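A quick write-up on the structure given underneath.
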Number of protein chains: 2
Amino acid sequence: MVYNEKQMLNALHKHGYKVTPQRRVIIGVIMNSHEHLTPAALHERVLRLDPSVGLVTVYRTIEILTELGFICEMHAGGGSRSYLMRRPSEHHHHLICSDCGKVIDFTDCDLDKLEHRLAQENKFKIDSHLLEFLGQCRECNKKTLINVVTNQDKSVPSR
Amino acid sequence: MVYNEKQMLNALHKHGYKVTPQRRVIIGVIMNSHEHLTPAALHERVLRLDPSVGLVTVYRTIEILTELGFICEMHAGGGSRSYLMRRPSEHHHHLICSDCGKVIDFTDCDLDKLEHRLAQENKFKIDSHLLEFLGQCRECNKKTLINVVTNQDKSVPSR
DNA sequence: TTCTAATTGAAAAACATTTTCATTTGGCTT
DNA sequence: AAGCCAAATGAAAATGTTTTTCAATTAGAA
Ligand SMILES: [Mn+2]
Ligand SMILES: [Mn+2]
Ligand SMILES: [Zn+2]
Ligand SMILES: [Zn+2]
């Protein structure tokens, strides 16, 4: 289940935030993008629709939308920063393609048993968890395999 | 199982890296710290032992130690950046206290079944995963409970 | 001891995010 | 419809983190 634009704008209003043209555009871009976006990437797309929107406004809107639960952060490993993406409404996790950045959500992490045991053994009160699988999507894997076959006789540079 | 200082210095040498006084100090600080450290926090502690070591060298050493597998990144959620800490040698994950930053490692994540299923269903080639539990350690939880009891009759400021 | 590629620190550059502030505006009240 | 004002905005500056550049130093092999 994914929120639609009207629901998001209503929620803004309901929580005392003003529905500005800038916020409309930003929300529109997020809604119509299936990838996760950095603030900068989001801003770039917003500029195409309204060149006057500032990056600061993008940051501020991201903060609100996160607070309202419409978007969520992503951790794609490596030295990479936190990204964001539109999100289903339930607790979920990510399958991330390290090559192209494609993201697939999944909801059944089934970590309750593990969580319970860890809580007991370590006297921790566990509030939440972060789980992400990193790998290669089908398309990127195909490309890799083709490259391997094509270049199998070529010598490899030593560094 | 945790590496000792000598092993780490040997590994540096073995991989063609020079064993410099700076690297000795940095490794020493990491070895003797049980918390995870940001590059800046690590540098701060290094300065106490050798005020001439530059932050750049800390970054460069972090990179090498990560490559050699002696330290690993941490993702403590929120807008937080990537942290690092000393680490056991095997595949493992973290239990992180959101209050004091205490970290407990655990190794048995047992995600194979889930990984297999996700790989099949989504045609993904999964290389690795990231799993962290966030919560409150015993001590911090105690403090919280005491505060709740102590302040239960006091009025709460509205913001 | 000599030699040299690796390493270092300082400074600058490159980025990412937050703060400040004067101006504008959404939307409630008349 | 007009007025009002707290909320929101963009520009610019400030803050913070990480990387790059470069000349000087040095670890360690010969
Ligand atoms: Mn989750
Ligand atoms: Mn660890
Ligand atoms: Zn891909
Ligand atoms: Zn704690």
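Owing to the predicted nature of the structure, the values given are computational and were not obtained by experimental measurement. Any value given below was found using the heavy atoms of this structure, including those in side chains, with hydrogens, waters and symmetry copies removed.
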### Task
Check side chain to side chain contact (heavy atoms under 4.5 Å, CB included) between B:N122 and all other residues, then give those that pass, not counting sequence neighbours.
A:L95, A:I104, B:L118, B:F124
### Task
With A:L130 as reference, evaluate B:H94, B:E132, B:H93 under the side-chain contact (heavy atoms from CB on, under 4.5 Å) test and give the passing residue.
B:E132
#### Entry: NZ/NE/NH1/NH2 to OD/OE distance under 4.0 Å, B:K113 and A:D110
no
### Message
Can you measure A:H15 atom NE2 to D:dA7 atom P for me and round it to whole angstrom units?
### Response
16 Å
Using distance only, find each side-chain donor-acceptor pair of residues 19-31 of chain A under 3.5 Å and give its atom names and separation, not counting sequence neighbours.
| unit_1 | atom_1 | unit_2 | atom_2 | d |
| --- | --- | --- | --- | --- |
| A:T20 | OG1 | A:R23 | N | 3.1 |
| A:R23 | NH1 | A:K18 | O | 2.8 |

#### Entry: Euclidean distance, atom CG of residue B:L55 to atom C1' of D:dT18 [Å, nearest integer]
8 Å
### Query
Does B:E139 reach the side chain of B:K102, with side-chain heavy atoms less than 4.5 Å apart?
yes
### Query
Side chains of A:L111 and B:L114: does their closest heavy-atom pair fall under 4.5 Å?
no
### Message
In this structure, how many angstroms lie between the C1' atom of D:dA27 and the CG atom of B:L12, rounded?
### Response
13 Å
### Query
Quick one: B:D50 CG to C:dT8 P, roughly how many Å, whole number?
11 Å
### Task
Check the distance between D:dT18's P and B:H43's NE2 and give it to me in whole angstrom.
13 Å
### Query
When the distance from CD1 of B:I64 to P of C:dT8 is rounded to whole Å, what number comes out?
7 Å
### Task
Using whole Å, report how far CG of A:L42 lies from P of C:dA16.
14 Å
### Query
Whole Å only: how far is the CD atom of A:E63 from the C1' atom of C:dT17?
11 Å
What N/O pairs connect the protein and nucleotides 20-27 of chain C at under 3.5 Å? Give each pair on its own line.
| unit_1 | atom_1 | unit_2 | atom_2 | d |
| --- | --- | --- | --- | --- |
| C:dG26 | N2 | A:K18 | NZ | 3.4 |
| C:dG26 | N3 | A:K18 | NZ | 3.3 |
| C:dG27 | OP1 | A:V19 | N | 2.8 |

